[in-house]
Structure formats: C-alpha cells, structure tokens
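Below is one structure, written out as structure tokens, with a few remarks after it.
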Amino acid sequence: MNKKITNYTNEIAAKAFDAFQKNYENYFKGYSQEDIEKCQEDFEYHTLFLLNSISLNSKALFLDYCKWVRDLFLNLAIPIDSVVESLNLIAETIREIIGEDVGKVAEEYVEQGIEELKKASEMQEAYIYPLKNYLEEYINLIFAGKRHEAFKMIVNLISNGTDIKDIYNFIFREALYKVGLLWQFGKISVAHEHFFTASTQLIMSQLYPYIFSKAVPKNGIVVVGACVSGELHEIGLRMVCDLLELEGFDTHYLGANTPASGIVKYAYEKNAKSILLSATITFHLEKLKEMIEEIRSEPRMKDVKIIVGGRPFTIDKELYKTVGADATASDVSELKNLLLY
C-alpha cells in the first residue's frame with residue numbers, strides 16, 4: 001500500500017459516522033446541528049489518534065488517549081457507551097477500507113482501549129500526577145483570569161519545598177497538554193488556548209529569580225533545542241532549556257517551525273553536542289520523524305546526539321526508536337545524564 005494509513009482518516013471517519021447515525025439514532029435525540037457536527041469531529045479525532053498510534057506501533061499512545069476521552073466525556077455527561085460503539089465502528093471501517101492486516105491491529109487496539117474507557121483509575125492517576133490537585137487548581141485559576149493567584153500558588157509550593165522540576169513536569173507541562181487537547185477537540189477557543197499559554201509563559205518568566213538565584217559554572221556542553229513544525233506548545237522545551245542552563249549547560253532554544261536545514265546549520269556553527277526536539281501532540285510525530293531523517297542525512301551531524309521529548313514519549317518509553325532518535329528523557333535529571341555521557 002503506497003498511501004500512509006493516516007491519509008485515510010477523513011474517509012474512515014465519515015463512513016463510520018454515517019453507520020453510527022443509522023445504527024444508534026437514540027444518541028442523537030435532542031441534538032442540534034452543531035451537536036451533530038461536534039460528534040462528527042469526535043469521530044475524526046478518534047480515527048486520527050488510532051491510525052497515528054498504529055502507524056507509530058504504539059498501543060500505549062492510544063490507551064492514554066482513551067483515558068483522556070473517558071475523563072472528558074464523563075465530565076461532559078456524554079455516555080461512555082457511545083464512545084465504545086464509535087471505536088468499534090471505526091475499527092470495522094478500517095478493516096473495510098485499508099485491509100485485513102491494519103484492521104486486525106485496529107481491533108486489538110480498540111479492544112484494550114475500551115477496557116480503559118470502562119474502568120476507573122484514580123489510584124493510577126494519583127501516582128502519575130503527584131501534584132494533581134494543584135494542577136487542577138492552576139488550570140481553573142488561569143481560566144478564571146486569576147494569574148496573580150496562580151503565581152502565588154506556585155511560589156507557595158516552592159517556598160514549602162516543592163522541587164521546581166516537579167512544578168514544571170506535573171503542573172506546567174501537564175496543564176499545557178490538557179489545555180491543548182481541549183482546544184484540539186473544540187471544547188475551548190483558540191483565544192482561550194493562547195491566553196492560557198501566554199499566562200503560563202508570563203508566570204515562568206516571573207520564576208526566573210527563583211531558578212537562577214545560584215550561579216552555576218558552565219560545563220562547556222552546547223545543546224540546541226527546537227520544536228517540531230506546527231507545535232503549539234513551545235514552553236515545555238523552553239523550560240527544559242532553562243533548567244539545563246541552571247545545571248551549567250549552554251543552551252540555544254530555536255523555537256518552533258525552524259526547518260531541519262536551519263537546525264543543522266545552527267548546531268554545526270555552535271559545535272553542539274546534542275539536539276533536543278520536542279513534540280507534544282501525537283499528530284506531530286510523523287513530522288518529527290521526517291525532521292530527524294533530514295537531520296540524520298547531513299554528514300555534519302553524524303556525531304550529534306538527537307534526544308526527543310514531550311508527552312507521547314513519557315507514555316511510550318520506546319517511542320523514540322520509532323521516530324529515529326538516539327534517546328528520550330522523562331525529566332531534566334535523566335536528560336542531564338544523557339548529555340554528559
């Protein structure tokens with residue numbers, strides 16, 4: 001098959017949605033045209049996440065998506081059964097349109113995804129997100145326009161001994177990911193998403209005196225950082241670069257939408273030891289893979305280590321191999337060791 005499986009997303013989603021409308025008319029009672037269109041968008045996102053996960057050979061990514069959908073839909077009082085039926089129809093349609101081999105994998109992913117949809121996991125979430133209560137409070141304060149209160153909450157955590165790295169990982173990073181998905185689903189406007197991102201960036205800048213209060217000698221290691229094209233959330237990698245500066249590294253953050261050729265030229269000029277690349281949204285992993293392939297094709301980069309990070313790589317620890325990177329790191333301490341050795 002010459003066509004990427006993700007290119008079938010719209011065709012599969014449309015056919016599965018048509019079948020859903022015909023087979024489950026009861027779900028649409030009282031729905032406005034706008035509600036129906038949102039439901040159709042949900043089918044497109046379900047399909048795209050499933051096909052992306054299959055393309056990347058990462059069941060973990062799809063299972064994490066199902067957990068998020070479960071929590072979101074329960075909060076919106078949308079029946080989980082409707083999601084279950086949606087995923088089953090999408091898997092059947094994948095088999096019909098793409099073929100038996102991909103269809104079999106899709107059904108396997110969906111079967112386990114449905115198990116996640118149906119079970120509660122409060123204990124798991126508490127373990128994964130040790131600052132979960134503060135995370136929710138932070139999101140609520142920002143959306144309420146109370147940026148000063150959000151900043152005070154963060155400062156109080158630091159004053160009470162919370163590691164700044166934990167605040168970055170379990171509050172800022174998680175909040176940006178959750179808000180990004182809310183925007184992707186059309187649950188908030190792009191204006192709300194931009195406000196949240198800008199507010200977090202402002203709060204981060206106000207934390208610099210806390211971060212850089214102690215001088216650290218430079219270790220001579222140069223690191224270049226960039227985000228994959230189209231990535232909305234640059235702040236995560238910006239935070240990583242700030243924390244690496246605190247550890248004595250010489251970091252150069254290039255932001256998003258820097259072409260691979262530009263990254264190569266800059267890294268070569270600065271004699272960088274490593275290139276850090278970030279992707280937060282699963283949809284961007286194919287672009288990330290292409291970017292890494294282009295960097296790898298440059299002879300000047302043969303001794304430069306490529307390290308990837310972002311939400312998908314914390315979910316699937318082996319995913320970095322799929323996109324062609326040398327390594328991934330779940331926190332700055334782990335990244336520091338990768339850069340030093």
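The structure presented is a predicted model; accordingly, all values stated were derived computationally and were not measured.
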- Task: Give a yes or no answer on whether the side chain of Ser55 reaches the backbone of Leu51 with a donor-acceptor pair at less than 3.5 Å.
- Result: no
- Query: Does the Asp64 side chain pair with the main chain of Ala60, one donor and one acceptor, at a distance under 3.5 Å?
  - Reply: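 Here the side-chain-to-backbone pair does not exist.
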Ion pair [X]/[Y], N-O distance below 4.0 Å:
X: Glu174; Y: Lys132; answer: no
X: Glu318; Y: Lys321; answer: yes
X: Lys104; Y: Glu108; answer: no

- Task: Give the ring-plane orientation class for His192 versus Phe143, where under 30° counts as parallel, over 60° as perpendicular and anything between as tilted.
- Result: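 The rings of His192 and Phe143 stand perpendicular, inter-plane angle above 60°.
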- Aromatic ring pairing His46/Tyr65, orientation class (parallel under 30°, perpendicular over 60°, tilted between):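 Perpendicular.
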- Can you pull the side chain to side chain donor-acceptor pair (under 3.5 Å) pairs that have at least one residue in residues 137-151, sequence neighbours excluded?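 Every pair satisfying side chain to side chain donor-acceptor pair (under 3.5 Å) with a residue in residues 137-151: Tyr138-Thr200.
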- Message: A quick test of your reading: do over 12 heavy atoms of other residues, nucleotides or ligands sit less than 6.0 Å from CZ of Phe249?
- Response: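 Atom CZ in Phe249 is packed in, count exceeds 12.
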Ignoring hydrogens and angles, write down the donor-acceptor pairs under 3.5 Å from the side chains of residues 291-298, residues two or more places apart or on other chains.
unit_1: Arg296; atom_1: NE; unit_2: Gly324; atom_2: O; d: 3.3
unit_1: Arg296; atom_1: NH1; unit_2: Asp326; atom_2: OD2; d: 3.3
unit_1: Arg296; atom_1: NH2; unit_2: Gly324; atom_2: O; d: 2.9
unit_1: Arg296; atom_1: NH2; unit_2: Asp326; atom_2: OD1; d: 3.1
unit_1: Arg296; atom_1: NH2; unit_2: Asp326; atom_2: OD2; d: 3.2
unit_1: Ser297; atom_1: OG; unit_2: Glu294; atom_2: O; d: 2.6

- Row check, Tyr268 ring normal vs Arg300 NZ/CZ: under 6.0 Å, within 45°: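 Cation-pi check for Arg300 and Tyr268: passes.
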Counting only pairs under 3.5 Å, give me each side-chain donor-acceptor contact of residues 89-98, with atom names and distances, residues two or more places apart or in other chains.
unit_1: Thr93; atom_1: OG1; unit_2: Leu89; atom_2: O; d: 2.7
unit_1: Arg95; atom_1: NE; unit_2: Glu107; atom_2: OE2; d: 2.8
unit_1: Arg95; atom_1: NH1; unit_2: Glu100; atom_2: OE1; d: 2.8
unit_1: Arg95; atom_1: NH1; unit_2: Glu100; atom_2: OE2; d: 2.1
unit_1: Arg95; atom_1: NH2; unit_2: Glu107; atom_2: OE1; d: 2.5
unit_1: Arg95; atom_1: NH2; unit_2: Glu107; atom_2: OE2; d: 3.1
unit_1: Glu96; atom_1: OE1; unit_2: Lys15; atom_2: NZ; d: 3.1

- Item | ILVMFWY network linking Leu202 to Ile171, side-chain heavy atoms under 4.5 angstrom |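 Looking at the clustering, Ile171 is in a separate group from Leu202.
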